[in-house]
Q: 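Sharing a structure below in structure tokens format, with a few things to ask.
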Amino acid sequence: MKGIVFVEFLEMVDEKFGYDVTEEIIKKSDLASGGAYTSIGTYPHGEIVALTKNLSAITNIEADILVKIFGQYLVTRFQTLFPKYFENIDDALTLLENVNDYIHVEVRKLYEDAQLPEISTQRTLDEGLILNYKSARGMGDLAEGMILGAIEIFGAKYELIREDLQEQDNCQCIMFTLKKKAPIN
Ligand code: HEM
């Protein structure tokens, strides 16, 4: 997994739980990298799992909730770090439609060894979107958090429905449905 994800994760922990907690989870996770990440580096996926597990133990917050919170945080950080993907986009559905065929394609040019999920999207007749997620890393909770983060950025309200599908080719498969909520007058 690319270092940028680790750097942002530890920054989120600093910000939301304090520097001491960051230090403690690094120590407890017994990391080959020692927890010294650079954005362009590549590190074992297991390290983010260990860090999350230890953060969960210290904070008493379930690991899946922490990963979703991180996904929400990460998408707002990407907005700051990679503003060009957000330029001229004024709704979450368009942003999400761009992830697979544009954003992650550009990400791969930047980080050749990035391990990215397969995402496909389809608009629904009721102004919503279906997003299918497939990945051997099984980071569906991160995807959920990032989708929620994308929805929040643009303000329009959507209900997010998640359906975990059967594994395919050893990959986690999830169908997310974004359903537009009627505005409250
Ligand atoms: C908006 C700008 C975005 C940028 C710059 C970006 C970039 C990246 C990068 C650098 C990684 C790490 C790859 C690796 O570790 O090797 C990644 C992974 C990932 N991205 Fe994006 N991404 C963006 C938006 C999104 C959005 C909106 C979603 C929502 C579905 C998403 C879903 C994911 C997931 C779930 C992963 C984890 C890898 C996996 O599941 O296999 N990304 N992305």
Side-chain angles (χ1 to χ4, degrees), residues 1-12 31-33 37-52 63-123 128-156 158 160-165 167-178:
M1 167 146 288
K2 293 311 298 176
I4 187 169
V5 179
F6 290 92
V7 169
E8 295 303 328
F9 180 79
L10 293 180
E11 260 174 38
M12 179 200 75
L31 308 163
S33 68
Y37 300 110
T38 67
S39 286
I40 53 163
T42 302
Y43 307 90
H45 176 248
E47 294 203 357
I48 199 106
V49 177
L51 287 164
T52 306
D64 62 329
I65 307 277
L66 290 168
V67 175
K68 286 176 207 170
I69 293 171
F70 174 50
Q72 280 176 281
Y73 174 88
L74 191 59
V75 83
T76 61
R77 287 291 296 148
F78 281 164
Q79 188 180 19
T80 306
L81 295 169
F82 305 96
K84 73 168 183 173
Y85 303 133
F86 293 81
E87 264 163 29
N88 304 320
I89 297 214
D90 47 27
D91 66 291
L93 303 197
T94 309
L95 180 75
L96 293 169
E97 280 175 327
N98 283 349
V99 173
N100 200 65
D101 295 340
Y102 170 48
I103 301 174
H104 280 176
V105 173
E106 294 295 312
V107 167
R108 168 136 0 257
K109 290 183 197 162
L110 204 62
Y111 308 116
E112 250 181 10
D113 58 347
Q115 293 184 300
L116 298 160
E118 278 174 47
I119 289 172
S120 63
T121 54
Q122 199 186 330
R123 295 265 175 161
L129 185 83
I130 290 175
L131 184 150
N132 277 293
Y133 166 87
K134 181 176 177 186
S135 169
R137 263 87 45 214
M139 302 193 74
D141 291 329
L142 187 73
E144 186 175 333
M146 293 184 86
I147 295 168
L148 289 169
I151 293 170
E152 250 171 42
I153 286 173
F154 297 99
Y158 290 92
L160 182 61
I161 303 150
R162 168 176 172 162
E163 189 184 340
D164 285 75
L165 308 174
E167 268 195 13
Q168 260 180 47
D169 323 314
N170 288 320
C171 288
Q172 183 185 32
C173 296
I174 303 173
M175 182 170 93
F176 292 102
T177 306
L178 285 84

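All residue numbers in this chain count up from 1 along the given sequence. We count ligands from 1, going down the list as the structure has it; atoms in each ligand are counted the same way.
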Q: Centre-to-centre under 6.0 Å for Phe78 and Tyr85, is that the case here?
A: no
Q: What do you reckon, are the aromatic ring centroids of Tyr73 and Phe9 less than 6.0 Å apart?
A: no
Q: Any protein N or O within less than 3.5 Å of an N or O in ligand 1? List each pair with its distance, or say none.
A:
unit_1   : atom_1 : unit_2 : atom_2 : d
ligand 1 : 15 (O) : Lys2   : N      : 2.7
ligand 1 : 16 (O) : Gln115 : N      : 2.6
ligand 1 : 20 (N) : His104 : NE2    : 3.1
ligand 1 : 22 (N) : His104 : NE2    : 3.1
ligand 1 : 40 (O) : Tyr133 : OH     : 2.6
ligand 1 : 41 (O) : Ser135 : OG     : 2.6
ligand 1 : 41 (O) : Arg137 : NE     : 3.2
ligand 1 : 41 (O) : Arg137 : NH2    : 3.0
ligand 1 : 42 (N) : His104 : NE2    : 3.1
ligand 1 : 43 (N) : His104 : NE2    : 3.1

Q: Distance alone, cut at 3.5 Å: any donor-acceptor contact between the side chains of Gln72 and Glu152?
A: yes
Q: Between Glu163 and Thr177, does any side-chain donor sit less than 3.5 Å from a side-chain acceptor?
A: no
Q: Whether Glu106 and Lys109 form a salt bridge (side-chain N of Lys/Arg under 4.0 Å from carboxylate O of Asp/Glu) is what I want to check.
A: yes
Q: Is the closest basic N to carboxylate O distance between Asp113 and Lys2 below 4.0 Å?
A: yes
